[in-house]
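Okay, so here's the structure we're looking at.
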Amino acid sequence: MASRHRFSTFSRRNGRAHKSIAQHLGIIGSVAALVFSGSCSGQRPTDALMGGAGGMMMTPEFATLREAADAAGKYIGTAVDAEALRNEEKYPEILAREFNSVTPENATKWGPLAPDAESYDWEDADAIVEFAEEHSQAIKGHAFVWDQQTPSWLSSSMTEEELRTALKDHIQTTLERYRGKIGAWDVVNEAVDMDTESGYTESIFYDKLGPGYIEDAFRWAHEADPDVLLYYNEVAIERAGPKSDFTYELMRDLLDRGVPIDGIGFQSHVSTHRYPPLSNLRANIRRFADLGLRVNISELDARTVLMPGNQQERWSAQRIAFQQVVGACIVEPGCEGVTLWGFTDRYSWIADETEPDDPLIFDRNYQKKPAYEGTMDGLKGLLPVTLESVIENGDFSMGSDNWDSVGGTLAIAEATETNGPAACVSERAEETDGLLQEGLLSSMKQGGPFSFSAQVRLKGAESETTNAHLFVETEEGSTEEHSLATVPATSSEWTELAGYFGLGFEGTPTGIELLISGPPADVELCVRDVQLNPLTTRSAH
Ligand code: XIL
């Protein structure tokens with residue numbers, strides 16, 4: 001499968017091999033066509049660009065996101081809202097200028113395409129396809145099979161055979177119409193649901209056809225157009241963990257059995273205080289790529305309203321979230337590109353469906369937000385810089401210095417199955433009993449963003465939720481509680497408990513402490529390698 005053509009127009013149209021940013025950097029000064037600002041930064045360059053070496057580096061400047069993506073040989077795409085494209089002035093202007101790839105946000109879903117059982121309404125989809133062709137943008141169609149936005153005429157009274165025929169017909173008719181125009185399709189979307197017994201989403205498709213509908217859909221698509229690239233798309237698998245593992249096994253099984261599947265999209269609807277740690281995301285991209293799949297970030301947006309802090313604080317944390325996710329894709333050879341789920345906060349599904357949020361890179365008036373710069377930095381392959389941890393004695397090399405326990409008994413011991421010490425809290429009387437570090441005020445009072453990580457392991461329980469919180473006492477007399485991270489920990493292995501703290505505080509802090517706790521009473525909680533690192537964007541502009 002991997003030998004089929006890229007869906008992006010840039011490699012096919014230009015007919016030349018694309019250079020990575022690293023290659024460009026290697027030829028600074030000899031290529032007149034590339035404009036470099038000449039700005040130098042003394043900060044540590046990313047390992048991917050400079051092989052981990054320290055010192056000065058030159059950063060290329062690009063006028064638009066798509067220029068930066070082209071230079072990296074990757075794509076930067078966005079979901080497109082057909083209404084906004086039609087009715088707004090700024091929307092098409094920015095869409096054409098900044099993106100080299102598009103995905104219809106709703107127009108190519110089954111429901112919107114097939115308002116009745118006899119006919120199709122191609123108008124919105126056609127408009128987006130025409131626009132993309134006019135502006136040399138690659139197109140990924142989205143999505144043939146999803147449990148949501150299905151046609152209203154699909155009903156549970158249909159027989160298995162009627163449903164199968166309708167689905168096959170829909171996939172093949174749509175592929176036929178856009179043959180040679182849309183180079184890639186999400187064939188199946190969100191078929192995994194870890195809250196069901198089977199692990200599969202309980203949809204009309206699963207209920208009537210069983211999990212076999214997944215491979216059937218890919219085979220029908222391949223039969224109709226063997227040249228088109230076919231993707232599986234899934235929510236909340238960007239972070240390696242149980243859902244990502246389940247999806248990985250599903251992909252491996254499908255590929256083993258010769259199902260024509262070319263790639264996978266990690267949706268990546270993140271929140272600015274919750275996105276995968278860099279090492280986790282990169283390793284996750286790599287393992288799917290190692291199956292022979294193209295990997296992409298397919299629906300990136302980053303909510304901010306779940307965090308406290310003023311807009312400036314939330315938006316600067318958001319900048320780093322975009323930089324990190326986009327940057328991870330750029331520096332990982334197995335990742336082909338990133339699609340944002342929209343680009344202006346004026347049109348975001350998240351703002352639509354819940355309280356108003358601001359998860360995208362342009363504001364409601366089409367002005368660039370800090371997240372635009374974060375995306376640009378990421379496209380240049382610049383990753384956020386992690387500064388030294390503010391936790392004292394986070395590796396417990398000085399025994400229990402600086403640490404305490406809330407409830408229970410704290411002991412430092414050689415960690416199981418790994419080198420170095422761990423701190424274990426036994427005889428815990430409540431869920432909130434755990435490991436405590438006080439005295440974080442001076443290093444944290446300016447606010448974040450910070451990335452948090454620790455390794456956790458239980459004794460006396462199979463799997464229990466473990467979490468990390470900051471408790472902040474304020475001059476105003478309140479105590480703020482901020483969740484840093486949550487993970488199901490087990491007794492069989494060390495698990496990473498990781499997350500973000502993205503901002504400032506509601507009140508003026510007078511005391512800040514970290515507590516790692518969560519499992520039920522009597523479960524012994526062991527912790528090692530605790531880190532809370534300030535993050536900064538690498539570039540100072
Ligand atoms: C969303 C659209 O953005 C909304 O406009 C629509 O009302 C609902 O669907 N995962 C997906 C996307 O795969 O298709 C969803 O898009 C967002 C979540």
Side-chain angles (χ1 to χ4, degrees), residues 77-88 91 95 99 101-115 121 123-125 127-128 139-152 154 170-171 174 182 184-195 200-206 213-214 217 230-239 243-244 247 250 261 263-271 274-275 295-303 325 337-362 364:
T78 176
V80 178
D81 178 315
E83 279 281 305
L85 183 63
R86 196 173 291 127
N87 299 330
E88 297 256 333
Y91 190 99
L95 176 61
F99 298 96
S101 173
V102 301
T103 296
E105 182 169 351
N106 290 300
T108 48
K109 290 172 183 167
W110 195 358
L113 270 184
D121 178 355
E123 199 181 332
D124 283 355
I128 294 170
I139 311 171
K140 171 137 82 78
H142 170 84
F144 289 134
V145 199
W146 189 28
D147 64 304
Q148 293 171 45
Q149 293 181 283
T150 51
S152 53
L154 272 197
H170 161 60
I171 292 173
T174 310
I182 298 185
W185 280 92
D186 288 333
V187 177
V188 178
N189 191 30
E190 300 183 1
V192 174
D193 178 353
M194 298 311 284
D195 291 334
Y200 290 104
T201 305
E202 283 166 1
S203 61
I204 183 170
F205 309 111
Y206 180 78
Y213 81 86
I214 300 172
L230 305 176
Y231 288 74
Y232 180 77
N233 196 52
E234 188 56 82
V235 61
I237 57 162
E238 55 279 358
R239 180 193 289 266
K243 184 168 187 185
S244 175
T247 308
L250 173 63
I261 167 164
I264 185 153
F266 298 176
Q267 289 188 9
S268 311
H269 294 289
V270 302
S271 178
R274 275 263 189 290
Y275 48 99
V295 181
N296 65 77
I297 305 293
S298 59
E299 304 186 10
L300 178 62
D301 49 25
R303 306 192 61 172
V325 178
V338 177
T339 297
L340 312 182
W341 210 239
F343 57 90
T344 163
D345 291 338
R346 194 183 188 93
Y347 296 103
S348 163
W349 74 299
I350 284 177
D352 275 347
E353 291 192 355
T354 59
E355 56 192 311
D357 206 314
D358 45 16
L360 295 168
I361 64 170
F362 286 82
R364 292 190 172 79

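Numbering of ligands and ligand atoms starts at 1, following listing order. Nothing fancy with the numbering, it's 1 onward along the sequence.
To the nearest 0.5 Å, atoms CG (Leu360) and OG1 (Thr78) are separated by 7.5 Å.
Ring orientation note: the planes of Tyr200 and Tyr206 are close to parallel, at an angle under 30° on the 30°/60° scale.
Listed by number with element, the atoms of ligand 1 under 4.0 Å from a non-hydrogen atom of Glu105 are 2 (C), 3 (O), 4 (C), 5 (O). Within ligand 1, the atoms closer than 4.0 Å to a non-hydrogen atom of Asn189 are 11 (C), 13 (O), numbered from 1 in the order shown. If you number the atoms of ligand 1 from 1 as listed, the ones under 4.0 Å from a heavy atom of Glu190 come out as 10 (N), 11 (C), 13 (O), 18 (C).
The shortest N/O to N/O separation between Trp349 and ligand 1 does not fall below 3.5 Å. The N/O atoms of Glu299, backbone and side chain alike, include one that comes under 3.5 Å of an N/O atom in ligand 1.
If you look at Phe99 and Phe343, their ring centroids are closer than 6.0 Å. You'll find the ring centres of Trp110 and Phe144 outside the 6.0 Å limit.
Contacts between Asn106 and ligand 1, counted as non-hydrogen atom pairs separated by less than 4.0 Å, involve the side chain only.
Ser268 places no side-chain N or O within donor-acceptor distance of the main-chain N or O of Glu299, the cut-off being under 3.5 Å.
The heavy atom nearest to atom 9 (O) of ligand 1, considering only His142, Gln267, Lys109, Gln148, is found in Lys109.
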Task: Worked verdict on Asp358 versus Arg303 for salt bridge (Lys or Arg N to Asp or Glu O under 4.0 Å) - done: CA-CA 6 Å; Asp358 45 16; Arg303 306 192 61 172; over 6 Å; no
